[in-house]
Protein chains: 4
Amino acid sequence: MARTVGSHGPKTTEAIRKAGLKLIYRHGYEAMSLRQLAAEVGIQVGSLYNHISTKQDLLFDLIRAHMEALLLELDRALAIVGDPVTLLRAFVSFHVTYHIVRKREVFIAYSELRSLDPNHYEDIVAMRRRYESRLIAILEDGCRHHMFEVQDCRVAAYGILAMLTGVCTWFRPNGRLSRETVIEIYSQQVISGLRPAGD
Amino acid sequence: MARTVGSHGPKTTEAIRKAGLKLIYRHGYEAMSLRQLAAEVGIQVGSLYNHISTKQDLLFDLIRAHMEALLLELDRALAIVGDPVTLLRAFVSFHVTYHIVRKREVFIAYSELRSLDPNHYEDIVAMRRRYESRLIAILEDGCRHHMFEVQDCRVAAYGILAMLTGVCTWFRPNGRLSRETVIEIYSQQVISGLRPAGD
Amino acid sequence: MARTVGSHGPKTTEAIRKAGLKLIYRHGYEAMSLRQLAAEVGIQVGSLYNHISTKQDLLFDLIRAHMEALLLELDRALAIVGDPVTLLRAFVSFHVTYHIVRKREVFIAYSELRSLDPNHYEDIVAMRRRYESRLIAILEDGCRHHMFEVQDCRVAAYGILAMLTGVCTWFRPNGRLSRETVIEIYSQQVISGLRPAGD
Amino acid sequence: MARTVGSHGPKTTEAIRKAGLKLIYRHGYEAMSLRQLAAEVGIQVGSLYNHISTKQDLLFDLIRAHMEALLLELDRALAIVGDPVTLLRAFVSFHVTYHIVRKREVFIAYSELRSLDPNHYEDIVAMRRRYESRLIAILEDGCRHHMFEVQDCRVAAYGILAMLTGVCTWFRPNGRLSRETVIEIYSQQVISGLRPAGD
DNA sequence: CATGAATGAGGCTTCATTCAT
DNA sequence: GATGAATGAAGCCTCATTCAT
């Protein structure tokens, strides 16, 4: 008397991840129920457990996958030759683009950090630090070459990251400003903000 | 962890608000149960309802009170005479200070927006817009006087707000940098970022 | 919209214990669902948790209470002056009576031992050992006075306990044999079994 | 803990029976899940159904097989010529030996009776009665020949069975007492318990 | 014969809320 | 104003079982 309708086969796992991403983004991890998730996927609640081991594990999985992709693609984006300003432009461009395109992954990776188990939390925070350190390194290099002038590279980096990340809060794909324009505006604002006093 | 002797008299309501703030900040609105809240206050669950009408109402109450205070104090902070740069400095100083001092209120006013009922949500978003518009106005005034040069004042403002707000994520009261230093760094970075190209 | 029917007041806790005893006896701890239990009591499932903290705790509570009563009443039953035979008769009489009257408590205290958490398990086993040691002491005393003759008092005691405890498996209050008769039969059989060879 | 390489071929059915015996003995029928069972065997849950028709049927199968073997081997053990005392000794020896060697089968055949479907239950109880009747017959024969003196042969038999069966609760193969010694002790205790008053 | 994915029922437990005392 | 006990819904998760591949 089993199985009459619903999702089948190995695609179900991917459907669950997709639906989980959507619902966690919209309602938050705590507020998303597995009932909702199952309904979104079109299967019974119990069937979820053929694909995930735990609600918590689904969250971790989504965030970890995102962080891994983020780090990998950052590597690619920064695999260029150029002075610190050029690298900083590349960073801004990459960060904004990624945060617009992967808006939901990015959002939950920030906002649901506190919903992670302690161990999972540590893993993700470590990955996030690796990401931040790439920007800090660029700023430090720029300071060494007197192209930037900042009191504290770490604080400056945090400010830049917050500014750029904020984009995914308000950016609308078909809104007034194109992605390229936003990148241009923020590149300008960021680089100006770091210019040595006399320039 | 909780008070062992129960809270009494008219102070209980305030104790509930305080405990609610703490717990929502730490665990999130969805994840905080009224049991936890009552335990933190040192009363029984049922007794909460002598002071709040609903869990949702407690949340709204906390956020609204915060937004009202924020707007009121911003008015005071900007009630000075000066050019746009001076006003912008005042804004940065106020925003950073407030976001450091009222870290928890600020955080939940952002992160729990989505937990608000639609009506409540609209109310709060309207207040937030009033706040943002004060910064946008400063930037627009600065552009008119050619003290700033930005393609889009709204986008610039969003960037600045995100950068400054990010402070409450990493700032530690007794950390490496004092509040004044952070304000100085960010004022510099923000104003530099808006300078006309030639300056 | 709360509370319209069902059990009220402080009597509910006792009703839950009683119903729990009945259902665990009948179906076993694992097989008894809290749905059943709540239905038997006449309340909603969730309401159980105003009175018990856990299904496991209910089980432990029932067994511990039984063991405590058992030990206490054994003390009373053996608080007499007499030779080992007299004491043994008193033990048999007490054990059989208690195991007939508290048939259900006795049964689950044996059969659900394995359903106890490790810690709870240890507690109960320790109590059971104290009970057994009372019988062993009687046998040892009897051997010292040459009124009994057994190769191994512990093994003999285990045999006696098993025999007597078996009563609660088949005894029926209004059956062919009265309680007194059963006690008489078993006293005879037990004491004969321990007689020195020559007697 | 489980076999890492899956069980194959016609031996799987036997592996399931063996694992079922072990797990039901350890956790009880209700508490054993088919997931556990499959893991113990080293196959997937669904694969169990190629070998058993139902969890309930597995239980019945194990118990029935045990009872059949028990009755068959009792027949062999009592296929001797001798007076009632000799036969009783043979019974005690057989019962204790079997209950020590087949400890787990014996245990679940008692403790999981209540987990059997009504029909299955009746079948097993009938077999158990056949077993008990063999002992009762010996006692009755002994009484007729004035070698035993008991008020009620059935009750005496129940007591003896309980005593002997208790052995499988505490007997340890390499413990203080050998199997032979235990048999000797209990034979002595049982037969003494039935001696006519004057002997 | 084994697998993996599905089902629907049900497991224990917690939830926000109500209300008589 | 506080309490404790009630409600009904919902939480996550596991269950035995089925069946296409």
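Naming: A, B, ... by sequence-line order, numbering from 1 per chain. All values reported here derive from a predicted model rather than from experimental measurement.
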More 5' along DNA chain F: A:Tyr49 or D:Ser53, using each one's nearest nucleotide?
-> A:Tyr49
Test log, rule side-chain contact (heavy atoms from CB on, under 4.5 Å), inputs C:His51 and C:Arg17 | CA-CA 10 Å; C:His51 305 275; C:Arg17 291 170 53 88; over 6 Å; no
Using whole Å, report how far CD1 of B:Ile16 lies from P of E:dA16.
-> 14 Å
Among F:dG8, E:dT3, F:dG4, the one nearest D:Asn50 by side-chain distance | E:dT3
In terms of the nearest nucleotide of DNA chain F, which residue is placed more toward the 5' end: B:Gly46 or A:Ser47?
-> B:Gly46
Shortest side-chain distance from A:Lys55, nucleotide among E:dT3, E:dA16, F:dC12 = F:dC12
A:Thr54 side-chain N/O to F:dC13 phosphate OP1/OP2 under 4.0 Å | yes
Are D:Gln44 and E:dG4 close enough that a side-chain N or O sits under 4.0 Å from OP1 or OP2?
-> yes
Under a 3.5 Å cut-off on both pairing distances, which runs of 3 or more consecutive Watson-Crick or G-U pairs involve DNA chain F?
-> E:2-21 with F:2-21
Please identify each residue that fulfils side chain to side chain contact (heavy atoms under 4.5 Å, CB included) with C:Arg35, with sequence neighbours left out.
-> C:Ser33, C:Val45
F:dA2 OP1/OP2 closer than 4.0 Å to side-chain N/O of B:Thr12 | yes
Taking atom C1' of F:dC12 as reference, at what distance in whole Å does atom CG of A:Leu59 sit?
-> 15 Å
C:His51 vs F:dA6: side-chain N/O to OP1/OP2 distance below 4.0 Å | yes
Sorted by chain and residue number, the side chain to side chain contact (heavy atoms under 4.5 Å, CB included) partners of C:Thr169 (sequence neighbours excluded) come out as none
So which of residues 26-39 of chain C are in contact with DNA chain E, with a heavy-atom cut-off of under 4.0 Å?
-> C:Met32, C:Ser33, C:Leu34, C:Arg35
Any side-chain heavy atom of B:Phe60 within less than 4.5 Å of one from B:Thr54?
-> no
Interatomic distance, B:Leu23 CG vs E:dC15 C1' [rounded to whole Å] = 16 Å
Enclosure of D:Tyr110 OH (heavy-atom neighbours >12, cutoff 6.0 Å) | yes
Is there side-chain contact between D:Lys103 and D:Val106, with at least one heavy-atom pair below 4.5 Å?
-> no
Partner residues of D:Leu21 under the side chain to side chain contact (heavy atoms under 4.5 Å, CB included) criterion, sequence neighbours left out | D:Arg104, D:Glu105, D:Ile108
Separation of atom CD in B:Gln56 from atom P in E:dA16, rounded to whole Å | 12 Å
Over all heavy atoms of both residues, which pair between B:Ala19 and B:Val41 is shortest? Give the atoms and the distance, please.
-> CB-CG2, 3.7 Å
Under the side chain to side chain contact (heavy atoms under 4.5 Å, CB included) test, which residues partner C:Lys18, sequence neighbours left out?
-> none
Which of these nucleotides, E:dT13, E:dT7, E:dT17, is closest to any side-chain atom of C:Val45?
-> E:dT13
In whole angstroms, how far is the C1' atom of E:dA9 from the CG atom of A:Leu48?
-> 16 Å
